Amino acid sequence: MDKLIVHGGSQLEGSVSISGSKNASLPILAATLLTKESCIIRRVPDVSDTNYMLQILQNLGAEVERASGTVIVRAEKIGHEAPYELVRKMRASVCVMGPLLSRLHKATVSLPGGCVIGDRPVDLHLRGLEGLGAEVQVEGGDLHLKCRELRGKTIDMRGKHGTTVLGTDNIMMAAVLAKGTTIIEGAACEPEVVDLANFLNKMGAKITGAGTTRIVVEGVKELHGVDHTVIPDRIEAGTFLVAGAMASTKGITLKRVEREHLTSVIELLQDAGFEIEGSGKTLTIRPGARRVGCDITTEPYPGFPTDMQAQMCALFATTPGISVVRDTIFPQRFMHCSEMKRMGADIDLNDGTAVIRGVDHLSAAPVMASDLRASAALLLAALTAKGATEISRVYHIDRGYEHIDQKLVDLGAHIERLKV
Ligand code: EPU
C-alpha cells in the first residue's frame, strides 16, 4: 500500500490538464455490453476504478484493448455473471445489471456491500428494473435478475434521499433495447448521465431529455459500435480549483475543462473570495482581496456536488470565520474531518453537518485516507500544512484521480510517493 509524503508550504503555479471523467467512463464502459460490435472510448482515465470495470467486462467475456487513454471493447460473446471478487471492489459495478438484462434477459451480479461514505442501497435500481419487467431474487449475496422481455413503462427514480445517478443510468441502459417507450421521471441530471445518453444515442438508441428530470427512451431492436470521447472530470477539475485556492498566490490554470459543469463550484469559490476567469475549456483561479468562510449544502446536480464536499472542508479548515458544510446525499461522508482534526483543524461534526472554525494553519500529522474524496481532501490540507504529512492508504486516491500526485508536483508541490 503506497503512502504519500507531502511537504507543505510549496506555492503552486502553472497549468494542469484535466483527465476524462471517471464517473462518466464507468457506466459508458458498462454500456459496451449492449452491442456485439467494437466500441472505441477515448480519454478514459487510467485509475483503478476504470481498471476494475474493464476486468469485469473481460470476466464477462468481452475483449478489451487499452492504449494511452483509449479503450476498445468488443463484447461479441458474453456471459451474464459478475462475481463477488470483482464486484466487491467497486460499487459502480452494479451498472452492468441494466445492459446484461437488456441484451441477455438475465444477469447475476453480486450485491455490493457497505461503503465507508454511508449505506448505499440499490433498491431504486431494482424497483426500476422490476418496473420494466425483471424478476429479482437475492440468493447467496447475489442478485439474480431475469425477464422474458423488457417492456417500456414510466419509472420514478425518486427515493427518500432524492434521485440516483447510477440508478438512472441502469434504467436507461435497460430501456434502450426494451419494447416500447420508457419514461424516467425524477431522473438524475448529472453531466455524466448526459454523456452516457449521448454514447447510447451514438450506438443507435433513441433517448431524449437527458440532463432534465424526465428522460424518454424509445426502445430499438439493436445497437451498434461507436467512437466516443468521455467528458472532462468535473470533480478532478473542482479539486484542482481548490488546490489553486489553497496553495497558490500567483494562480493556476486548468486546461480541458467544461466550465458549464462547474458552475456551483465556481460560484462557491467566488463567494469564498477567489477570482476565477476563463470560459469554455480553460479556467484560472487566483486569490482575491480576502478569503471568507461559506455555508454549503450538497445537492444533486446542478446543486453543489457531494463529491466536492470533502475538498471544501479542507479549504475552510484554514479560512477565517465559521463555515457550515452539510451533506444531504451522504450524511456520513465526513471521515476526512476526523483526520483533519488530527492536523489541528477545528471542526464539530453533528448529524451530517460539519461546523468548521478556520484556524491560522494546519500542522503535519500521519493521516489515513478513508475514501476517494476524503483522500483528496487530506492531500489538499497537507499542501498547506506546516511540516511533512504522511498519508497512508492512498490506494483510495488512485481509484479516481489520474496521477494526482504527479500533476501536483508538476505545479510545484513537494510530494513523494513511497511504495510500501
Ligand atoms: N440511493 C438509494 N437507493 C438506491 C440508490 C441510491 O436510497 O437504489 C441513495 C443513496 O444512498 C444516496 C443517494 O441515493 O443517499 C444518491 O446516491 P446515487 O445513487 O446517486 O449515487 P451513485 O449513483 O451510487 C454516483 C457517483 C458517486 C456520487 C453520487 C452522488 C459514480 C460511479 N458514482 O454514485 O461518486 O457521490 O453519484 O452524486 O458515478 C465518487 O466519485 O467519489 C463518488 C462516490
Side-chain angles (χ1 to χ4, degrees), residues 3-13 238-252 265-276 284-297 304 308-327 333-350 353-370 373-392 397 404-405 408-409 411-416:
K3 284 182 182 182
L4 293 180
I5 310 292
V6 185
H7 301 266
S10 308
Q11 282 296 317
L12 305 186
E13 63 176 288
T239 304
F240 274 100
L241 284 178
V242 177
M246 290 179 71
S248 178
T249 43
K250 290 193 176 151
I252 63 166
V265 174
I266 290 173
E267 284 175 2
L268 193 100
L269 286 167
Q270 286 170 333
D271 289 349
F274 298 93
E275 286 172 12
I276 299 179
T284 298
I285 182 160
R286 288 193 192 87
R290 83 189 174 100
R291 282 173 65 168
V292 283
C294 293
D295 293 355
I296 315 174
T297 300
F304 192 87
M308 280 300 300
Q309 178 263 101
Q311 300 88 318
M312 296 312 296
C313 289
L315 173 67
F316 292 147
T318 53
T319 298
I322 297 179
S323 303
V324 179
V325 178
R326 192 174 294 111
D327 200 324
R333 192 181 207 181
F334 282 102
M335 299 280 271
H336 45 282
C337 287
S338 312
E339 292 300 296
M340 283 193 286
K341 279 158 89 166
R342 304 191 60 251
M343 300 173 75
D346 181 350
I347 306 177
D348 283 331
L349 282 177
N350 195 2
T353 302
V355 178
I356 307 172
R357 285 171 201 81
V359 294
D360 180 55
H361 66 269
L362 297 178
S363 306
V367 288
M368 213 188 294
S370 56
R373 308 305 170 188
S375 34
L378 295 178
L379 183 49
L380 293 171
L383 285 177
T384 56
K386 284 199 172 152
T389 300
E390 180 182 304
I391 307 176
S392 53
I397 208 161
I404 189 170
D405 41 333
L408 285 168
V409 167
L411 287 170
H414 186 175
I415 304 174
E416 297 159 75

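Just the heavy atoms: all of them, side chains too, but no hydrogens, waters or symmetry mates, feed the values below. No experiment lies behind these values; they were computed from the predicted model shown.
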Could you walk me through whether H336 and Q309 satisfy the side-chain contact (heavy atoms from CB on, under 4.5 Å) test, starting with their C-alpha distance in whole Å, then the side-chain angles of each, then the deciding distance to 0.1 Å, before giving a yes or no? CA-CA 10 Å; H336 45 282; Q309 178 263 101; 2.9 Å; yes
Closer than 3.5 angstrom, by distance alone: can the side chain of S248 be matched with the main-chain N or O of L12 as a donor-acceptor pair?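 The answer is yes, because a donor-acceptor pair under 3.5 Å joins these two groups.
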Considering non-hydrogen atoms only, spot the tightest contact between [X] and [Y] and give its length.
X    : Y    : result
A310 : M340 : O-CE, 4.4 Å
Q270 : I276 : NE2-O, 3.8 Å
A314 : A377 : CB-O, 3.5 Å
I285 : G244 : CG2-CA, 4.0 Å

Quick check on side chain to side chain contact (heavy atoms under 4.5 Å, CB included): which of T297, V325, V265, D327 does F304 satisfy it with? V265
Partner set under side-chain contact (heavy atoms from CB on, under 4.5 Å) for [X], not counting sequence neighbours:
X    : answer
K3   : E390, S392, L418, V420
V292 : R290
R291 : F274, L315, T318, T319, P320
S338 : L349

Apply side-chain hydrogen bond (donor to acceptor under 3.5 Å, both in side chains) to [X] and list each qualifying residue two or more places apart in sequence or on a separate chain.
X    : answer
E416 : H7
R342 : none
E275 : none
Q311 : T239, Y401

Using distance only, find each side-chain donor-acceptor pair of residues 355-366 under 3.5 Å and give its atom names and separation, not counting sequence neighbours.
unit_1, atom_1, unit_2, atom_2, d
R357, NH1, D348, OD2, 3.3

Find the distance between [atom1] ([X]) and [atom2] ([Y]) and round it off to the nearest 0.5 Å.
X    : Y    : atom1 : atom2 : value
L380 : C313 : CG    : SG    : 11.0 Å
L269 : I266 : CG    : CD1   : 8.0 Å
M246 : T384 : CE    : OG1   : 4.0 Å
L411 : F240 : CG    : CZ    : 6.0 Å
C337 : L378 : SG    : CG    : 9.5 Å
L379 : L4   : CG    : CG    : 6.5 Å

Pairs flagged by salt bridge (charged side-chain N to carboxylate O under 4.0 Å, His left out) wherever residues 240-250 is involved - sequence neighbours left out: E13-K250
Kindly indicate whether the side chain of I391, heavy atoms from C-beta on, has any atom under 4.5 Å from the side chain of E339.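 In short, these two side chains do not touch, never coming nearer than 4.5 Å.
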Can you tell if the side chain of M368 reaches within under 4.5 Å of the side chain of M335, non-hydrogen atoms only?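 Side chain of M368 against side chain of M335, heavy atoms only: no contact under 4.5 Å found.
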Results of ring pair (Phe, Tyr, Trp, His ring centres under 6.0 Å) for F316 - residues two or more places apart only: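 Result, ring pair (Phe, Tyr, Trp, His ring centres under 6.0 Å) vs F316: none returned.
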